[in-house]
Amino acid sequence: MTDTTSGREREMTAVTSGATVWLTGLPSAGKTTIARALAERLRAEGHRVEVLDGDEIREFLSAGLGFSREDRHQNVQRIGFVAELLASNGVKALVPVIAPFADSREAVRKRHQREGTGYLEVHVATPVEVCSERDVKGLYARQAAGELTGLTGVDDPYEAPTDPDLRIHAHEQSVEESAAALHTLLIERGLA
């Protein structure tokens with residue numbers, strides 16, 4: 001069977017089809033910065049895009065949840081549900097969320113697979129030493145001062161993805177290079 005779809009039709013399908021891009025990594029790894037740069041690029045191409053920032057989700061959708069393993073799992077599942085809902089309705093859902101546990105992330109991936117919705121897992125693999133130097137929110141300083149416990153990757157576990165769709169070493173390249181690598185992957189997978 002020959003493909004009678006024109007290049008323009010394929011391009012329009014990619015623009016109107018949704019997908020979830022889950023960016024996982026330690027606090028201050030660069031997840032949100034990369035997601036916002038990618039969002040800008042995708043919007044310029046005509047894609048509908050939402051960035052589901054972990055801090056905003058915690059404030060509005062997951063208020064009341066703590067940081068126990070169960071609460072973190074519940075938070076990730078809520079975000080995953082919203083991301084899949086958006087993606088299944090033609091939105092590129094970019095999700096810069098720590099999601100420290102592999103089983104929680106896998107449950108989100110499986111939800112997307114069951115629904116037939118595009119999903120990519122991206123590990124923003126910035127070492128904890130670099131993250132603590134960046135310390136965008138002052139979390140590492142508060143943990144070092146004894147004011148905070150349960151900091152992911154320091155005194156609480158982070159299970160790095162063993163086989164992500166893409167691993168970005170954000171400490172070794174610019175934000176633009178990181179966003180470009182992710183954009184290239186979206187194109188390769190037929191999602192952009």
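Everything numeric in this text was worked out from a predicted model, so none of it was measured. Excluded from the calculations below are hydrogen atoms, water molecules and symmetry mates; all remaining heavy atoms, backbone and side chain alike, are included.
A single hydrophobic cluster is not seen to contain both Leu42 and Ile187; linkage of ILVMFWY side chains at heavy-atom distances under 4.5 Å, directly or through other members, places them apart. Under the 4.5 Å side-chain heavy-atom criterion for grouping Ile, Leu, Val, Met, Phe, Trp and Tyr, Leu61 is connected to Trp22 within one hydrophobic cluster. Tyr158 and Val130 are assigned to two separate hydrophobic clusters, defined by single-linkage of ILVMFWY side chains at heavy-atom distances under 4.5 Å. Under the 4.5 Å side-chain heavy-atom criterion for Ile, Leu, Val, Met, Phe, Trp and Tyr, Phe81 and Ile57 are members of the same hydrophobic cluster.
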*Derivation of the side-chain contact (heavy atoms from CB on, under 4.5 Å) call for Leu65 and Arg78*: CA-CA 11 Å; Leu65 289 179; Arg78 288 179 184 179; 3.7 Å; yes
*Yes or no on side-chain contact (heavy atoms from CB on, under 4.5 Å) for Arg189 and Leu120, after CA distance, side-chain angles and deciding distance?*
CA-CA 9 Å; Arg189 300 285 175 91; Leu120 297 175; 3.3 Å; yes
*Just do the side-chain contact (heavy atoms from CB on, under 4.5 Å) check on Thr184 and Leu182 with the steps written out, would you?*
CA-CA 5 Å; Thr184 298; Leu182 188 42; over 6 Å; no
*Starting from the C-alpha separation in whole Å, work towards a yes-or-no answer on side-chain contact (heavy atoms from CB on, under 4.5 Å) for Val154 and Val128.*
CA-CA 8 Å; Val154 177; Val128 69; 4.0 Å; yes
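Minimum heavy-atom separation, Arg48 to Val91: NH2-CG2, 3.3 Å. Contact detail for Arg134 and Ala170: the closest heavy-atom pair is NH2-O, 3.8 Å. Summarising the geometry of Ala83 relative to Val95, their closest heavy-atom pair is CB-CG2, 3.9 Å, with the distance given to 0.1 Å. Here the closest heavy-atom approach between residue Asn75 and residue Ser62 is recorded as OD1-OG, 2.7 Å.
Between Glu50 and Val82, the closest side-chain pair of non-hydrogen atoms is not below 4.5 Å. The shortest side-chain heavy-atom distance between Leu185 and Val21 does not fall under the 4.5 Å cut-off. Counting heavy atoms from C-beta outward, Arg58 and Phe67 have side chains that approach closer than 4.5 Å. Contact check for Thr152 versus Arg72: side-chain heavy atoms found under the 4.5 Å cut-off. Between Glu177 and Glu172 there is no side-chain heavy-atom pair separated by less than 4.5 Å. Residues Val122 and Thr24 have side chains not in contact (no heavy-atom distance under 4.5 Å, counting atoms from C-beta outward).
How far CZ of Arg111 is from OH of Tyr119: 11.5 Å, rounded to the nearest 0.5 Å. Note: Gln113 CD to Glu84 CD = 11.5 Å, rounded to the nearest 0.5 Å. Remark: Ile168 CD1 to Thr126 OG1 distance equals 9.0 Å, nearest 0.5 Å. For the atom pair Arg41 CZ and Glu45 CD, the distance stands at 6.5 Å (nearest 0.5 Å).
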Report, one line per pair, each donor and acceptor closer than 3.5 Å where one atom sits in a side chain of residues 27-37; sequence neighbours left out.
unit_1, atom_1, unit_2, atom_2, d
Ser28, OG, Val136, N, 3.0
Lys31, NZ, Gly25, O, 3.4
Lys31, NZ, Leu26, O, 2.7
Thr32, OG1, Asp53, OD1, 3.1

Could you tabulate the donor-acceptor pairs under 3.5 Å formed by side-chain atoms of residues 97-109, not counting sequence neighbours?
unit_1, atom_1, unit_2, atom_2, d
Asp103, OD1, Arg69, NH2, 3.2
Asp103, OD2, Arg69, NH2, 3.4
Ser104, OG, His73, ND1, 2.6
Arg105, NE, Glu121, OE2, 3.1
Arg105, NH1, Ala99, O, 2.6
Arg105, NH1, Glu159, O, 3.1
Arg105, NH2, Glu159, O, 2.6
Arg109, NH2, Asp165, OD2, 3.2

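With hydrogens and angles left out, the side-chain atoms of Glu188 and His183 include no donor and acceptor closer than 3.5 Å. Of the N and O atoms on the side chains of Glu115 and Ser88, not one donor lies less than 3.5 Å from an acceptor on the other residue. Looking at Thr20 and His112, their side chains do bring a donor and an acceptor atom within 3.5 Å of each other.
A donor-acceptor pair under 3.5 Å links the side-chain atoms of Asp155 to the main chain of Leu151, judged by distance alone. Side-chain atoms of Asp135 come within 3.5 Å of backbone atoms of Leu139 as a donor-acceptor pair (strictly under, hydrogens ignored). A donor-acceptor contact shorter than 3.5 Å links the side chain of Lys92 to the backbone of Leu191.
Heavy-atom contacts from other residues, nucleotides or ligands closer than 6.0 Å to CD of Glu40 number 12 or fewer.
Glu147 pairs by the side chain to side chain contact (heavy atoms under 4.5 Å, CB included) definition with Arg142, Ala145, not counting sequence neighbours.
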